[in-house]
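Sequential numbering from 1 along the given sequence is applied to the chain's residues. As the structure is a prediction and not an experimental result, all values here were calculated from the model.
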Amino acid sequence: MSLSTIARRLCYSRPTSGARVSVVWAHMYSTEASKDMGAKKYKYPEVYDPYGAMLPPSQKVVDLADRIAALPPEEIKQIAPALLLRLNQPPPQAISGQGFSFGPQGGGGAAGAAKAEEKKADKIVFDVKLEKFDAAAKIKIIKEIRTFTDLGLKEAKELVEKAPVILKQSLTKEEAEAIIEKIKVAGGVAVME
C-alpha cells in the first residue's frame with residue numbers, strides 16, 4: 001500500500017484536527033519516509049557482460065593470436081576458409097541484395113537491357129493481370145475469379161469492370177499459368193507480370 005493511500009485513508013476515515021493532517025502530509029513528502037520504506041536502489045555494474053565472467057585466454061591461445069597478427073594480409077585472408085575446412089563447417093552463404101533498390105545505378109543501353117532480361121529470368125514470384133475480356137463472357141470470368149480469390153460477387157464484378165487490373169499477386173509460375181489458362185477458357189485475356 002502506498003504512502004499516499006495511507007494518508008488519504010487517515011484523512012477521510014475519521015474527523016481529525018488540521019495538525020494531525022499536516023503531520024501525515026509532512027511525513028509523506030519527507031526524505032526520511034523514503035528511507036523508512038526500505039526501497040532498494042539498484043547499482044548498475046560499470047561494464048555489462050551478457051556472457052558472464054570469462055576466464056583469461058591460455059598462453060597457447062595468446063601465442064597463436066600473436067602469430068596470426070604477424071602474418072601478411074594475404075595469409076590472414078586464408079585463415080577463415082582453412083579453419084572452416086578443417087572443422088568441417090559449411091562456408092557462410094552470401095546475402096542476396098536482390099529485391100532491394102539502391103536508386104539509379106547509371107549505365108544503360110545494352111547493359112540495362114541485359115540486366116532487365118536477367119531479372120525476368122530470375123523472377124520466381126508473379127502477378128496475374130486481367131488485360132481485357134469479351135463482354136459476353138463477363139459472368140463466366142467473374143465466376144472464375146471468385147474460384148481463386150476470396151472475393152464476394154459484388155467485389156469480383158467491380159474488379160472485372162476495372163480491367164486492366166491485377167487479379168492475384170505473389171504466385172508461383174505454375175499457379176499463375178493455371179489461372180491464366182482458366183481465364184482464357186472463360187473468354188478473357190490475362191498476362192503474367
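- Other residues, nucleotides and ligands contribute only 12 or fewer heavy atoms inside 6.0 Å of the CD1 atom of Ile139.
- Note on Ile179 and Ile166: separate hydrophobic clusters, where clusters join Ile, Leu, Val, Met, Phe, Trp and Tyr whose side-chain heavy atoms are under 4.5 Å apart, directly or indirectly.
- Within the structure, the salt bridge (Lys or Arg N to Asp or Glu O under 4.0 Å) test picks out no pair touching residues 60-76 (sequence neighbours left out).
- Every residue two or more places apart in sequence or in another chain was checked for a side-chain hydrogen bond (donor to acceptor under 3.5 Å, both in side chains) with Gln78, and none qualifies.
- With sequence neighbours left out, the side-chain hydrogen bond (donor to acceptor under 3.5 Å, both in side chains) criterion links Glu181 to no other residue.
- In the hydrophobic clustering of ILVMFWY residues, with side-chain heavy atoms under 4.5 Å counting as a link, Ile68 and Val61 come out apart.
- Scored by the side-chain hydrogen bond (donor to acceptor under 3.5 Å, both in side chains) test, Lys157 finds no partners at all (sequence neighbours excluded).
- Pairing each heavy atom of Ser170 with each of Asp127, the nearest pair is N-OD1, 3.1 Å.
- For Lys182, the salt bridge (Lys or Arg N to Asp or Glu O under 4.0 Å) criterion is met by no residue, not counting sequence neighbours.
- In this view, Lys168 satisfies the salt bridge (Lys or Arg N to Asp or Glu O under 4.0 Å) rule with no residue, not counting sequence neighbours.
- Take Ile76 and apply the side chain to side chain contact (heavy atoms under 4.5 Å, CB included) test, not counting sequence neighbours, and it matches Leu71.
- In this structure Leu159 satisfies the side chain to side chain contact (heavy atoms under 4.5 Å, CB included) test together with Ile145, Leu151, Val165, Leu167, sequence neighbours excluded.
- Every residue two or more places apart in sequence or in another chain that forms a salt bridge (Lys or Arg N to Asp or Glu O under 4.0 Å) with Glu193 is listed here: Lys129.
- At distances below 3.5 Å, not a single donor-acceptor pair connects side-chain atoms of Glu177 with backbone N or O atoms of Glu174.
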request  = Before giving the answer on side chain to side chain contact (heavy atoms under 4.5 Å, CB included), spell out for Lys184 and Val189 the whole-Å C-alpha distance, their side-chain angles and the decisive distance to 0.1 Å.
outcome  = CA-CA 6 Å; Lys184 185 177 180 183; Val189 177; over 6 Å; no

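- For Thr147, the side-chain hydrogen bond (donor to acceptor under 3.5 Å, both in side chains) test picks out Glu144, with sequence neighbours left out.
- Residues forming a side chain to side chain contact (heavy atoms under 4.5 Å, CB included) with Glu175 (at least two apart in sequence, or on another chain): Leu171, Thr172.
- With sequence neighbours excluded, the residues that form a side chain to side chain contact (heavy atoms under 4.5 Å, CB included) with Leu153 are Ile142, Arg146.
- For the pair Ile180/Met192, a side-chain contact is recorded, criterion being any heavy-atom separation below 4.5 Å from C-beta on.
- Shown here for Ile141 and Ala186, the closest heavy-atom pair between the two residues is CG1-CB, 4.0 Å.
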